[in-house]
Novice: 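There's a structure below that I have some questions on.
Just so you know, these numbers use all the heavy atoms, side chains as well, and skip hydrogens, waters and symmetry mates. Keep in mind the model is a prediction, meaning the values are calculated, not measured.
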Amino acid sequence: MIKINKITAGMIVAGAVSAVPSVSFAQDEVIGLEEITVTARKRAESLQDVALSVTAISAQLDNAAVKSLQDVNNYAPNVNFDFGPASANGAVISIRGISHQDPDKSMEAPVGVILDGVFMGTTAGQLMDSFDLERIEVLRGPQGTLYGKNTTGGALNVVRSKPTKELGSKIQVNMGDFGLLETKAVVNTPLSEIGGLKLSVNKVQSDGYIKNTTTGKDAGGKDSLQLGAAVAFDVSENFDILLSYDRIDDDSERGAFANFNADDSLACLVSVGGLVIPGIVNIPADPTNPPLGSGCMSLDQGSDEDHVSTNGPNEGAIQNDLIALTMNWAVGDWQLTSVTAHQDREEEYDYEWDSSAVSLLNVKGGHEYTQFSQELRINGQFNEDVNLTAGVYYFESDARQHQVSYDMWYYIFADVPGLNALPHGDISANLDGFVTSEASAVFASMDWALTDDLSLNLGGRYTWEEKTFEGGAGGWDSQLFGANIIPPGPTRKLKDDWKEFSPKVALQYNISDDVMTFASFAKGFKSGGFFARTQNVEAIASFDPEYVDTFEVGMKSEWMDNRVRFNATAFMTDYTDKQEEILVPAEGGQVNTIVRNAGDVEISGLELEMQAAITSELSFYMMAGLLDAEYKEFFADVDGEVFPGEGSIPTDNTYLSLRNTPDTTIGAGFDYYRQTTLGEFSINYSYRWSDEYESEFFNDPRGHVDAMGMHNASVNLTIDENYRVSLYGRNLTDERYARLVKIGGLSQMGMYNPPRTYGVQFTAEF
């Protein structure tokens, strides 16, 4: 492995973006790409030797224009990492067309996020900051053997820096437009000759990039504080331990909702005088007297990509505690690893879902989520030809939620005798739910060198899982007549369980020292469950697991004396019983989320990744992902309509396009470094073009995202190797799009991505 000289050490990105020129000043200059080590298979391996579709991002995380995990979009093909509207810093991650959108804690995402070996069981908080991250590995395709259930789309293996056991620090201050101020620091200190302590802090504040035209205030601001501590000890030559604790206090707003209400939605109708048809419908006008037509997207002059018109902010408060203990024992040629973790997360929120100046739908509530996981695994050599990784895994989680909805019941019950005289805002409806999940698994992965150039990988995981649901429709309260004017419904207790085997087999052949080919088959599953956030508790039933079978053929290669790296993968995926969370209307004007198993989906695609060391000062990367994804069978009731004597009637929905699935993604960028009399001058640039895609299940045109390209860049000056000042810009061409959420016929809201932003960042390392 050739070490990188400081002059060209600005970018170490594997897979699609590992193009870093390595410089050695001997008699002649030597330029080459650095060998990248990954732990995608839970042991250290060279990226180019792994029969797996993986992209790893490392030193690129230090670039001033790279801010969070969402920036993996720029470097990994067939990956669409987006923000989740109205979620607690949550993510909507699509890999090879497999994604998930609803942030409810009773649902699990098909793309796993693993932080320092700990599987994160909820999508909340996945848009984590890139500061203090050592490496991000994007694993494409089902990872059911080593990472377990639910990773049908892939996994993000996130690795943070470990205590160095030496005295040192890194301090960073970032100031940007829209009132952005980020203060970050990591301090390392030795505790003894064998131990070290790492302390970290990350404080983020901003005003938000949206203006509220009703209140006159900024909207969507951030206010979060993350504190961390990690202790590492090399207890002996054969035993080491790492204990980490992280605390997050996040009082950021939950986003700003633009008005996307259709002309026939309830939010629009109440703002234009209501709708009264004697004997048929009685929808009164909004008694708070909002501006005429302000509830309609077509008439609201106070809402666009930079403005919202809601009556107030979407507030939230989060407290998250994560503690993890990792221990390694070396016994001869074998290593035993234990990873134990516990997470405790509490959330409170107050949303105005009508996305306008009307007073239609306000929801307050909270979530309590806990998870515990334990993994024991062993890795080592049976002999010089066979390597084995095997282990056992246990996971359990509890999710409890409570929410109260206001205002909309005034309109829905306007023609109900005795209730139509209640004042606006008097009625509130309660909703409670409690979901548990418990899973156990055994797994193994064996690599067998059949010859010097041909090797076989065999892997499998057997999972046992059980889930329970307990809840009922809460009571309906009145300020005038007291609690439970409509009494709570009966509590339901439900339980279901599943058992599944997830195998993998791969063949790897080395054509030469620099060219490797592979072919693989992998099977994954995402377990069934109960969706807890619904008023219609009687209709709750468990939904079935979904299954993914993926075939891959690929090549990994290096050319021109290790100055060019080119990797390619073609794949075909058979997706069975795909789970879709859908908002459908229900009796009494309510809207419920249901989960349907959507039948079969076929996905095929191609992934190309290239990186090159052009000179000792310039490196370049490109990536491209092509997808062909479509429903082959999707026969289900998705509109909630019930016909007398017939009930709900399934319909053919194969015409729909999968959400969050652009057909083409293309990325390119370069890193340039040059020594000057002032210090090291550098430019980092990245570009990502994405094809059009849908953000809403029914492919509503309001949720269509057009094709667009995003440019990010930073210009840096490093002085005395310890001080760096950076000027950066993100989304330089100011491309805007919105993600749509529909609350049935009540209201619809859109949340826009950030506009063009600039900033200056100061970094000091000692």
Novice: Do Cys296 and Ser271 have side-chain heavy atoms sitting under 4.5 Å apart?
Specialist: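 SC-SC contact between Cys296 and Ser271 confirmed.
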
Novice: I'd like to know if Asp306 pairs up with Arg736 as an ion pair, taking the criterion as any Lys NZ or Arg NE/NH1/NH2 lying under 4.0 Å from an Asp or Glu carboxylate oxygen.
Specialist: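 Answer for the salt bridge query: yes.
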
Novice: Does any part of the side chain of Asp250, heavy atoms only, come nearer than 4.5 Å to the side chain of Leu225, both counted from C-beta?
Specialist: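 No, too far: nothing below the 4.5 Å cut-off.
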
Novice: Judged by atom type as modelled, is there a donor-acceptor pair below 3.5 Å linking the side chain of Asn212 to the main-chain atoms of Thr310?
Specialist: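 Flag set: sc Asn212 to bb Thr310 pair under 3.5 Å.
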
Novice: Write down the atom of Glu182, the atom of Leu180, and the distance for their closest heavy-atom approach.
Specialist: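 For Glu182 and Leu180, the tightest heavy-atom pair comes out as CG-CD1, 3.8 Å.
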
Novice: Kindly say whether Ala262 contributes a backbone atom to a donor-acceptor pair with the side chain of Ser265 at under 3.5 angstrom?
Specialist: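 Answer holds: yes.
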
Novice: Would you say Ser695's side chain and Gly703's backbone share a donor-acceptor pair under 3.5 angstrom?
Specialist: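 Such a contact is found between Ser695 side chain and Gly703 backbone.
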
Novice: Assess, by modelled atom type and distance only, whether the side chains of Lys526 and Gln579 contain a donor and an acceptor separated by less than 3.5 Å.
Specialist: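 Looking only at side-chain atoms, Gln579 and Lys526 do form a donor-acceptor pair, the distance falling under 3.5 Å.
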
Novice: Starting at NE2 of His711, measure out to CZ of Arg688 and round the result to the nearest 0.5 Å.
Specialist: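 One finds 13.0 Å between NE2 of His711 and CZ of Arg688.
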
Novice: Are any side-chain N or O atoms of Arg96 and backbone N or O atoms of Val79, one a donor and one an acceptor, separated by less than 3.5 Å?
Specialist: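 Checked: no pair found.
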
Novice: Looking only at the side chains, is there a donor atom on one of Gln748 and Arg702 sitting less than 3.5 Å from an acceptor on the other?
Specialist: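 The criterion, which ignores hydrogens and geometry beyond distance, is satisfied for Arg702 and Gln748.
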
Novice: Val308 and Ala258: which non-hydrogen atoms are nearest, and at how many Å?
Specialist: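 So the minimum-distance heavy-atom pair works out to CG1-N, 3.7 Å.
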
Novice: Under a 3.5 Å distance rule, please check whether Thr661 uses its side chain to pair with a backbone N or O of Arg659 as donor and acceptor.
Specialist: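 It does hold such a pair.
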
Novice: Restricting to non-hydrogen atoms, name the atom on Leu480 and the atom on Pro423 that form the minimum distance, rounded to 0.1 Å.
Specialist: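 Reported closest heavy-atom pair: CD1-CD, 3.4 Å.
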
Novice: Taking atom CG of Asn73 and atom CD1 of Ile93, what is their separation to the nearest 0.5 Å?
Specialist: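 Those atoms lie 9.5 Å apart.
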
Novice: We want to know whether Asn259 and Ser356 form a side-chain donor-acceptor pair, criterion being a heavy-atom distance below 3.5 angstrom.
Specialist: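 There is no such pair (donor and acceptor under 3.5 Å, judged by atom type) between the side chains of Asn259 and Ser356.
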
Novice: Determine, stepwise, if the pair Asp263 / Ser298 fulfils side chain to side chain donor-acceptor pair (under 3.5 Å).
Specialist: CA-CA 7 Å; Asp263 289 344; Ser298 58; 2.7 Å; yes

Novice: Answer with yes or no whether the side chains of Tyr737 and Glu735 bring together a donor and an acceptor at under 3.5 Å.
Specialist: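 Side chains of Glu735 and Tyr737: no pair found under 3.5 Å.
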
Novice: Taking Asp71 first and then Arg730, would you say they form a salt bridge - that is, a charged N and a carboxylate O separated by under 4.0 Å?
Specialist: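 Counted as a salt bridge, because a side-chain N and a carboxylate O are separated by less than 4.0 Å.
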
Novice: Less than 3.5 Å apart, any donor N or O on the side chain of Asp432 or Gln401 sitting next to an acceptor on the other?
Specialist: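 No, no side-chain donor-acceptor contact under 3.5 Å.
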
Novice: Please report the interatomic distance CD1(Ile283) to CG(Leu275), rounded to the nearest 0.5 Å.
Specialist: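 Nearest 0.5 Å value for the CD1-CG distance: 5.0 Å.
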
Novice: In Å, rounded to the nearest 0.5 Å, how long is the span from SG of Cys268 to CG of Leu299?
Specialist: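 If we round to the nearest 0.5 Å, Cys268:SG and Leu299:CG are 6.5 Å apart.
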
Novice: Do the side chains of Asn150 and Ser527 get nearer than 4.5 Å, heavy atoms only?
Specialist: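 Result yes, sub-4.5 Å side-chain heavy-atom pair found.
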
Novice: Do Glu315 side-chain atoms and Asp251 backbone N/O form a donor-acceptor pair below 3.5 Å?
Specialist: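 Side chain of Glu315 to backbone of Asp251: no pair is present.
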
Novice: Within the 4.5 Å heavy-atom criterion, are Asn753 and Asn731 side-chain neighbours or not?
Specialist: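 The answer is yes; the side chains approach within 4.5 Å.
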
Novice: Side-chain contact test, heavy atoms from C-beta onward, threshold under 4.5 Å: evaluate it for Lys467 versus Lys495 and give yes or no.
Specialist: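 They are not in contact (no side-chain heavy atoms under 4.5 Å apart), so the answer is no.
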
Novice: Going by atom types alone, do Asp350 and Asn314 pair a side-chain donor with an acceptor below 3.5 Å?
Specialist: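 Checked: Asp350/Asn314 side chains show no N/O donor-acceptor pair below 3.5 Å.
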
Novice: Taking all atoms of both residues into account, what is the closest heavy-atom pair of Arg756 and Thr733, and its distance?
Specialist: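 In terms of heavy atoms, the two residues are closest at NH1-C, 3.9 Å.
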
Novice: Under a 4.5 Å cut-off applied to non-hydrogen side-chain atoms, are Glu352 and Asn311 in contact?
Specialist: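 Yes, at least one pair of side-chain atoms sits under 4.5 Å.
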
Novice: Going through the distances and angles, do Glu692 and Val705 end up as a side-chain contact (heavy atoms from CB on, under 4.5 Å)?
Specialist: CA-CA 5 Å; Glu692 61 183 353; Val705 178; over 6 Å; no

Novice: Side chains of Asp426 and Ser478: donor-acceptor distance under 3.5 Å anywhere?
Specialist: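 Short answer, yes.
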
Novice: For Gly220, does its backbone N or O pair with a side-chain atom of Glu253 as donor and acceptor, under 3.5 Å?
Specialist: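 Pair found, side chain donor or acceptor close to backbone of Gly220.
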
Novice: If you define the side chain from C-beta out and look only at heavy atoms, does anything of Asp82 sit under 4.5 Å from Gln70?
Specialist: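 Counting from C-beta outward, Asp82 and Gln70 do come under 4.5 Å.
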
Novice: Where is the tightest heavy-atom contact between Ser359 and Asp407, given as atom of each residue plus distance?
Specialist: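 Where Ser359 meets Asp407 most closely, the heavy atoms are O-CB, 3.7 Å.
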
Novice: Can you confirm whether or not the ring centre of His424 sits under 6.0 Å from the ring centre of Tyr411?
Specialist: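 Centroid distance His424-Tyr411: below 6.0 Å, so yes.
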
Novice: Walk me through whether Leu361 and Val363 qualify under side-chain contact (heavy atoms from CB on, under 4.5 Å).
Specialist: CA-CA 7 Å; Leu361 179 56; Val363 178; 4.1 Å; yes

Novice: Report yes or no: is the cationic atom of Arg254 (NZ for Lys, CZ for Arg) closer than 6.0 Å to the six-membered ring centre of Tyr349, at no more than 45° off its axis?
Specialist: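 Geometry flag: not set, cation outside 6.0 Å or 45°.
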
Novice: Go through it in stages, so that I can follow the logic: the residues are Met297 and Phe260, the test is side-chain contact (heavy atoms from CB on, under 4.5 Å), and I'd like the CA-CA distance, side-chain angles, deciding distance and then a yes or no.
Specialist: CA-CA 5 Å; Met297 179 182 182; Phe260 274 57; 4.1 Å; yes

Novice: Indicate whether the side chain of Ser747 and that of Asn261 have a donor and an acceptor atom separated by less than 3.5 Å.
Specialist: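 Their side chains do not contain a donor-acceptor pair, so the 3.5 Å distance test is not met.
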
Novice: Would you compute the distance between atom CD1 of Ile210 and atom CZ of Phe178 and round it to the nearest 0.5 angstrom?
Specialist: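 One finds 8.0 Å between CD1 of Ile210 and CZ of Phe178.
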
Novice: Check step by step if side chain to side chain donor-acceptor pair (under 3.5 Å) holds for Asn660 and Asn80.
Specialist: CA-CA 7 Å; Asn660 312 309; Asn80 197 55; 4.9 Å; no

Novice: So do Lys493 and Phe469 actually touch side chain to side chain, heavy atoms under 4.5 Å?
Specialist: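 With C-beta onward as the side chain, the pair stays apart.
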
Novice: Taking all non-hydrogen atoms of both residues into account, name the closest pair between Pro662 and Asp691 and its distance.
Specialist: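 Scanning both residues, the minimum pair turns out to be CB-O, 3.4 Å.
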
Novice: Looking at Asp218 and Lys211, is any side-chain nitrogen of the basic one under 4.0 Å from a carboxylate oxygen of the acidic one?
Specialist: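 Yes, this pair counts.
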
Novice: Would you say the side chains of Tyr575 and Glu602 form a donor-acceptor pair under 3.5 Å?
Specialist: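 Not at all, the side chains of Tyr575 and Glu602 share no donor-acceptor pair under 3.5 Å.
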
Novice: Would Phe434 and Asp398 count as a side-chain contact (heavy atoms from CB on, under 4.5 Å) here? Give the steps.
Specialist: CA-CA 7 Å; Phe434 180 61; Asp398 299 329; 4.0 Å; yes

Novice: Please say whether more than 12 non-hydrogen atoms of neighbouring residues, nucleotides or ligands are located less than 6.0 Å from CD in Glu348.
Specialist: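 Atom CD in Glu348 is not crowded, with 12 or fewer foreign heavy atoms closer than 6.0 Å.
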
Novice: Give a yes-or-no answer on whether the side chains of Glu346 and His367 include a donor-acceptor pair shorter than 3.5 Å.
Specialist: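 His367 and Glu346 do not have a side-chain donor-acceptor pair below 3.5 Å.
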
Novice: Has Asp354 got a side-chain atom pairing as donor or acceptor with Leu360's backbone, closer than 3.5 angstrom?
Specialist: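 Yes: the side chain of Asp354 pairs with the backbone of Leu360.
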
Novice: Is it the case that the side chain of Asp600 and the backbone of Lys632 share a donor-acceptor pair, with hydrogens and angles ignored and the cut-off at 3.5 Å?
Specialist: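 No: the side chain of Asp600 does not pair with the backbone of Lys632.
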
Novice: Working to the nearest 0.5 angstrom, can you tell me the gap between Phe698 CZ and Leu740 CG?
Specialist: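 Phe698 atom CZ to Leu740 atom CG measures 11.5 Å (nearest 0.5 Å).
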
Novice: Side chains of Ser690 and Thr665: donor-acceptor distance under 3.5 Å anywhere?
Specialist: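 There is no such pair between these side chains.
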
Novice: So does Asn484 get a backbone contact from the side chain of Asp477, meaning a donor-acceptor N/O pair under 3.5 Å?
Specialist: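 Confirmed, Asp477 side chain pairs with Asn484 backbone.
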
Novice: Would one find more than 12 heavy atoms of other residues, nucleotides or ligands at under 6.0 Å from atom NZ of Lys203?
Specialist: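 It does: Lys203 NZ has more than 12 such atoms within range.
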
